[in-house]
Amino acid sequence: VEVTSHEDMTFRKATSRFPPYALRSSRRTFHQTPLHLHRVRCFSSSLTDDEYDVTIIGGGAVGSVLAKLLSRNVPSLKISLVDARTPKPFQQVIEHEKTPSPRAYALSPKSISLLGDSVLKQLEENDRVAYYDSMQVWESDGPAMLHFSHEDLHDGAPSQTSGTETNILGAVVEDSPMVSAIWDELREEGAVDLNSPASIKRIIPPKNDDEKVEIVFDGDGTERKTSTNLLIAADGGNSFVRRSLGTFPTVSFGYGRHAVTCTVAVDGSLNQVAFQRFQPNGPIALLPVWDGTNDGETIYANIVWSTTPEEAKILTQLPESEFVQRMNDLLQSGPTTSPPIVSEGFKEAVPRPLKDALNGVEMISNSINSGLSMSGMVERRKGFRVPPLITDVVGRRFSFELNLMHARNYVRPRVALVGDAAHTIHPMAGQGLNLGMGDADCIVKQLKQAVESGMGVDGNAGLEYALQQYESERQREVVATMGGIQFLHGVFGTTFSPMVHARSVGMNIVNSAGPIRRRLARVATGIQG
């Protein structure tokens with residue numbers, strides 16, 4: 001293969017520090033196959049039935065998308081996908097699940113594109129994807145409001161491309177139908193060896209550069225041993241791969257919050273709007289999921305409510321009518337006035353001049369906030385939109401603890417972590433799966449570069465460089481996202497009145513300042529780093 005691109009020259013230069021024998025041993029013959037012929041695979045003849053170029057542990061959303069992207073973009077690789085369960089065919093899921101599941105994800109346009117046209121078509125035809133073109137965010141103790149729309153993703157200029165992705169801010173997709181649709185596609189194409197249900201027994205890491213990773217798993221009661229040039233862990237926050245290898249130290253802490261999630265029925269369409277209201281204990285979000293496209297159909301939405309462990313326990317045990325009332329009380333209340341900067345008792349205890357000064361500061365702050373709020377609504381022609389009333393809770397209410405976890409390193413020799421196996425975050429910004437999708441996209445691009453440069457993944461030189469590039473790129477984005485979410489968690493969690501006033505002013509400035517607002521929207525949706 002003739003290597004002429006700038007990226008390939010950069011790759012070769014970066015790997016020039018490896019000894020010549022390492023470079024020679026890492027080269028392999030491969031076929032550059034057009035995308036429309038991706039079902040034709042050309043593997044190295046040295047691989048046996050139990051040897052793979054890449055083995056992915058975990059066939060959930062991130063693992064299955066990764067397997068699909070890798071098989072299409074690097075068809076010369078022999079790939080295995082191992083999971084403890086076998087997802088049902090998509091049609092069975094659709095026929096069996098008559099109401100939405102609260103286990104759903106808010107996907108960015110970039111993540112949606114990674115699902116592929118055929119998966120999206122299946123989801124759309126069966127009303128299992130709910131697009132939203134705007135998001136309304138407001139606070140519980142101030143007048144500030146943020147309103148993001150799909151127009152914010154295009155720097156204020158009309159999009160030069162066509163298609164669904166240019167007209168949306170995001171989409172809510174349930175886990176089960178999405179994963180089933182991807183697995184159906186993997187089965188049909190036959191480009192990935194699907195090993196499920198399979199229980200991983202042990203993983204034997206390589207002792208030197210020439211060895212592969214060995215995996216022992218139990219499938220259908222029969223123990224099987226395979227080896228792979230690269231093992232990718234996509235097996236979730238409690239990753240067996242990460243824990244069993246013991247070479248991936250992590251940093252973790254609890255937010256001191258639990259999330260309560262459920263599916264609800266509402267009395268009207270959400271009109272492609274996602275709603276989120278921040279409270280001191282955490283945000284409550286109302287997200288579209290099934291929007292009742294036909295007359296008479298029930299309109300469903302998903303609730304994600306972050307609060308204290310004590311309140312979460314109460315919420316999951318409340319009678320349904322009381323639970324519905326609490327949700328409506330929060331979501332039907334719009335922006336309000338800011339609290340006093342200091343208490344009335346404190347004002348009475350200080351000298352009159354200081355009291356007058358404090359009252360003056362409050363008046364100025366409230367005037368600025370109210371003026372910015374009204375200005376933003378008038379100029380953008382987007383006032384507060386009252387969410388539809390919640391009428392019923394459908395199915396169970398779930399509660400789980402919210403934690404942050406970050407692996408200090410994402411790669412080790414011939415092993416890589418992706419998705420929740422590498423990092424978990426607070427769900428307030430809906431970025432958990434989007435970060436995992438970004439991991440999948442990035443590692444596929446790096447492996448493709450390694451193969452197309454002639455280095456391959458069987459030798460250590462090219463694979464090591466590809467994994468280093470993956471780790472560097474993804475850790476920068478993930479750490480930045482974690483920092484942003486931690487900042488929001490602290491800012492919206494405060495009840496210190498001066499900070500509440502400052503926060504309201506800041507939110508109103510962002511809402512009114514187009515460049516800042518568009519920048520935030522593009523970063524949050526993965527369009528811009």
Side-chain angles (χ1 to χ4, degrees), residues 60-69 87 90 93 100-135 137 148-150 152-153 161 163-183 185 234 236 259 261 263 270 272-276 285-291 300-304 418-420 423-442 444 474 477-478 481 485 520-529:
V62 173
S64 58
V65 166
L66 172 57
K68 173 181 168 179
L69 292 175
F90 179 78
V93 172
S101 167
R103 188 179 182 191
Y105 310 104
L107 298 182
S108 68
K110 181 179 179 181
S111 296
I112 293 167
S113 70
L114 295 177
L115 295 180
D117 292 341
S118 60
V119 169
L120 274 178
K121 183 179 179 181
Q122 270 194 297
L123 294 170
E124 289 172 349
E125 289 178 346
N126 291 274
D127 297 324
R128 290 305 182 105
V129 55
Y131 295 108
Y132 54 92
D133 59 19
S134 59
M135 175 178 286
V137 181
F148 297 102
S149 77
H150 67 91
D152 291 325
L153 304 183
T161 59
T164 303
E165 292 164 35
T166 65
N167 299 316
I168 64 169
L169 190 62
V172 177
V173 183
E174 297 163 79
D175 176 79
S176 181
M178 177 177 65
V179 172
S180 290
I182 299 170
W183 272 68
E185 202 167 55
T261 64
T263 299
L270 276 70
Q272 294 190 312
V273 180
F275 298 91
Q276 187 165 6
L286 181 71
L287 305 173
V289 57
W290 291 10
D291 211 17
Y300 295 102
N302 276 355
I303 286 286
V304 183
V418 297
D420 284 357
H423 43 75
T424 60
I425 60 173
H426 196 293
M428 73 163 63
Q431 290 301 302
L433 182 58
N434 291 317
L435 288 176
M437 291 289 205
D439 293 347
D441 186 42
C442 180
V444 168
R474 293 309 299 159
E477 179 171 344
V478 171
T481 301
I485 291 175
L520 286 175
R522 290 171 66 83
V523 170
T525 54
I527 293 176
Q528 188 173 342

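In this structure the side chain of Leu123 reaches within 4.5 angstrom of the side chain of Pro177, judged on heavy atoms. In this structure, the side chains of Val172 and Val129 stay at 4.5 Å or more apart for every pair of heavy atoms. For the pair Met178 and Leu115, the minimum side-chain heavy-atom distance is below 4.5 Å. Side-chain contact between Arg128 and Glu174 is present, with at least one heavy-atom pair separated by less than 4.5 Å. Taking the side chain as every heavy atom from C-beta outward, Leu114 and Leu69 approach each other to under 4.5 Å. In this structure, the side chains of Met437 and Val65 come closer than 4.5 Å at one or more pairs of heavy atoms. By the 4.5 Å heavy-atom criterion applied to side chains, Ser134 and Phe148 are not counted as neighbours. When side chains are defined from C-beta on, Val273 does not count as touching Tyr132, because their heavy atoms never get closer than 4.5 Å.
Qualifying side chain to side chain donor-acceptor pair (under 3.5 Å) partners for Asp175, counting only residues two or more places apart in sequence or in other chains: Tyr105. Under the rule for a side chain to side chain contact (heavy atoms under 4.5 Å, CB included), the partners of Thr424 that lie at least two apart in sequence or sit in another chain are Met405, Asp420. For Ser176, the side chain to side chain donor-acceptor pair (under 3.5 Å) test picks out Glu97, with sequence neighbours left out. Listed by chain and number, the residues in a side chain to side chain donor-acceptor pair (under 3.5 Å) with Thr263 are Asn302 (sequence neighbours excluded). Annotation: side chain to side chain contact (heavy atoms under 4.5 Å, CB included) contacts of Ala301 (sequence neighbours excluded): Val264, Val266, Leu270, Leu286. For Asp441, the side chain to side chain donor-acceptor pair (under 3.5 Å) criterion is met by Lys445, not counting sequence neighbours.
When atom types are taken as modelled, the side chain of Asp133 and the backbone of Leu169 share no donor-acceptor pair closer than 3.5 angstrom.
When all heavy atoms of Ala61 and Val179 are compared, the pair lying nearest together is N-CG2, 3.7 Å. When all heavy atoms are compared, the tightest approach of Ile168 to Tyr131 is CD1-CD2, 3.6 Å. Between Ser101 and Ala104, the closest heavy-atom pair is O-CB, 4.1 Å.
Summarising the geometry, atom CG belonging to Asp117 is positioned 12.0 Å from atom CD1 belonging to Ile112; distances are rounded to the nearest 0.5 Å. Of the inter-residue distances, the one linking Asn434 atom CG with Asp439 atom CG reads 11.0 Å to the nearest 0.5 angstrom. Between Gln122 atom CD and Phe90 atom CZ the span is 5.0 Å, to the nearest 0.5 Å.
Salt bridge absent: Lys121 and Glu124 never bring a charged side-chain N and a carboxylate O closer than 4.0 Å.
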Walk me through whether Leu435 and Arg474 qualify under side-chain contact (heavy atoms from CB on, under 4.5 Å). CA-CA 9 Å; Leu435 288 176; Arg474 293 309 299 159; 4.0 Å; yes
